[in-house]
Amino acid sequence: MTSLQSPASPPVRASRTKRGWSMNPRIPDWHGKRVWVIGASTGIGAETARLLLEKGAHVAVSARREAALQTVVHGYPQALALPLDVTVPEQVRQARDRLLSEWQGVDLVLLVAGAYNEMRADGIDLAVVDHLLDLNLRAVFHCLDAVLPTLLAQGEGGIGIVSSVAGYSGLPKALAYGPTKAALINLSESLYFDLHPRGIAVYLINPGFVATPATAQNDFVMPGLISAPHAAREIVSGMETGRFHIHFPKRFTNWLRLARMLPYRLYFPLIHKVTGL
Ligand SMILES: NC(=O)c1ccc[n+]([C@@H]2O[C@H](COP(=O)([O-])OP(=O)(O)OC[C@H]3O[C@@H](n4cnc5c(N)ncnc54)[C@H](OP(=O)(O)O)[C@@H]3O)[C@@H](O)[C@H]2O)c1
């Protein structure tokens, strides 16, 4: 176990560069970077893996569906497909061992796996609640437990956690999903205190609506909807410029960030008016 307390630790502080403030080191070039994307068989994770492969990174992709993972890495000899169920800690550790035996280290781990189910107070379904807590929250700890010792021993690298704008503040229909994503925002902030001084980047990634299999079920007009390749470009450019909080599309996410700062007596009527819920 590596201690987080070190008298030589640099302070938790953003650094100023010629192009503004940077909370994480910039990534000017992906060539040779070893990236593990967990939750990469479809949607945001698959498109982010594809983009990083195009940019020359060595990418390992994980999810349950091996055939879909093989499609993502097809044509890239530097890529690895590591199927796993992220809710099973042993499978995450086994995949980590395989990755380290191939690469001897890892530069970035992106935790993307997750699911959305709508839920309201008159329809609490404990099986769905357990599933979302297991996949969206507990599984993130499985991954942290598996990779943080390696990152801390390396003293460099990064970890990105995909949360959601639904974690900013309570929203209708997000009774189970919202709390899991709020927890990930809090978790990413806590991680920054521990990992930034140890040379490890932390990225909190909050997408708005992205067209993926997860949102295909939505029966309402999704404001600010973007494509999964667009989301991947936002994530990758956010990491390249060293951001901590990577959120997009800004026209939607900034509106929600402002709304959450309102007093509750204004916040609730505003969200009710906008959503009709
Ligand atoms: N789409 C949006 O509008 C939106 C907005 C905000 C945040 N997000 C977040 O973005 C992330 C990706 O969502 P998406 O929209 O791209 O959805 P998606 O296309 O359904 O992708 C979900 C990914 O998670 C993987 N996964 C699910 N259960 C798993 C398990 N038990 N073990 C390993 N992998 C598992 C899936 O692969 P397998 O099924 O093959 O296992 C798939 O690769 C999620 O965390 C979601 O909450 C999405």
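Whatever order the structure lists them in is the order used to number ligands and atoms, beginning at 1. Position 1 is the first residue of the sequence, and the numbers go up from there. All heavy atoms count here, side chains included; hydrogens, waters and symmetry mates do not.
Without hydrogens or angle criteria, Lys181 side chain to Asn206 main chain gives no donor-acceptor distance under 3.5 Å. Of the possible polar contacts, none joining the Thr180 side chain to the Leu133 backbone as a donor-acceptor pair under 3.5 Å is found. With His58 contributing its side chain and Lys33 its backbone, the two residues share no donor-acceptor pair below 3.5 Å.
You'll find the side chain of Pro172 reaches within 4.5 Å of the side chain of Arg120, heavy atoms only. The shortest distance between side-chain heavy atoms of Leu99 and Leu82 falls below 4.5 Å. No side-chain heavy atom of Leu84 sits less than 4.5 Å from a side-chain heavy atom of Gln94. Here the side chains of Val37 and Val59 are in contact, with some heavy-atom distance below 4.5 Å.
The protein heavy atom nearest to atom 28 (N) of ligand 1 is Arg64 NH2, 3.3 Å. For atom 18 (P) of ligand 1, the nearest protein heavy atom (residue, atom name, distance) is Thr42 OG1, 3.5 Å. Closest protein heavy atom to atom 32 (N) of ligand 1: Val86 N, 2.9 Å. When only non-hydrogen protein atoms are considered, atom 46 (C) of ligand 1 lies nearest to Tyr177 OH, 3.7 Å. Nearest non-hydrogen protein atom to atom 24 (O) of ligand 1 is Ala113 CA, 3.4 Å. Looking from atom 10 (O) of ligand 1 to the surrounding protein, the closest heavy atom is Val162 CG1, 3.4 Å. Counting only heavy atoms of the protein, atom 7 (C) of ligand 1 lies nearest to Ser163 O, 3.2 Å. Distance from atom 14 (P) of ligand 1 to its nearest protein heavy atom, with residue and atom name: Thr212 OG1, 3.5 Å.
Within the structure, ligand 1 lacks Met222 among the residues with a heavy atom less than 4.0 angstrom away.
Close approach of ligand 1 to Leu84 is summarised as follows: ligand atoms under 4.0 Å from at least one heavy atom of the residue are 32 (N), 33 (C). Contact atoms of ligand 1 toward Val210: 1 (N), 2 (C), 3 (O) (distance under 4.0 Å to a heavy atom of the residue). Within ligand 1, counting atoms from 1 as listed, the ones closer than 4.0 Å to a heavy atom of Thr215 are 1 (N), 2 (C), 3 (O). Heavy-atom proximity to Val112, at under 4.0 Å, picks out these atoms of ligand 1: 11 (C), 12 (C), 44 (C), 45 (O). Close approach to Phe209 involves these atoms of ligand 1, each under 4.0 Å from a residue heavy atom: 3 (O).
Aromatic pair Phe244/Tyr203: centroids not less than 6.0 angstrom apart.
Considering backbone and side-chain N/O atoms, Lys181 comes within less than 3.5 Å of an N/O atom of ligand 1. Not a single N or O atom of Ser164, backbone or side chain, sits closer than 3.5 Å to an N or O atom of ligand 1.
Comparing Ala214, Gly39, Gly43, Gly114 against atom 22 (C) of ligand 1, the shortest heavy-atom distance belongs to Gly114. Of the candidates Thr87, Ile44, Val72, the one placing a heavy atom closest to atom 16 (O) of ligand 1 is Ile44. Atom 5 (C) of ligand 1 has its nearest heavy-atom neighbour, among Ala211, Gly224, Ala166, Gly208, in Gly208. For atom 34 (N) of ligand 1, the nearest non-hydrogen atom from the set Ala49, Ala68, Ala63 belongs to Ala63.
By the rule that hydrophobic residues join a cluster once side-chain heavy atoms approach within less than 4.5 Å of another member, Met239 and Val61 end up as members of one cluster.
Pairing each heavy atom of Arg260 with each of Tyr168, the nearest pair is NH1-CD2, 3.6 Å. A pairwise comparison of heavy atoms in Leu151 and Val106 identifies CD2-O, 3.7 Å as the closest pair.
For Leu135, every heavy-atom contact with ligand 1 shorter than 4.0 Å involves the side chain, none the backbone.
Side chains of Glu234 and His230: a donor-acceptor N/O pair is present below 3.5 angstrom, by distance only. No side-chain N or O of Arg93 forms a donor-acceptor pair with one of His142 less than 3.5 Å apart.
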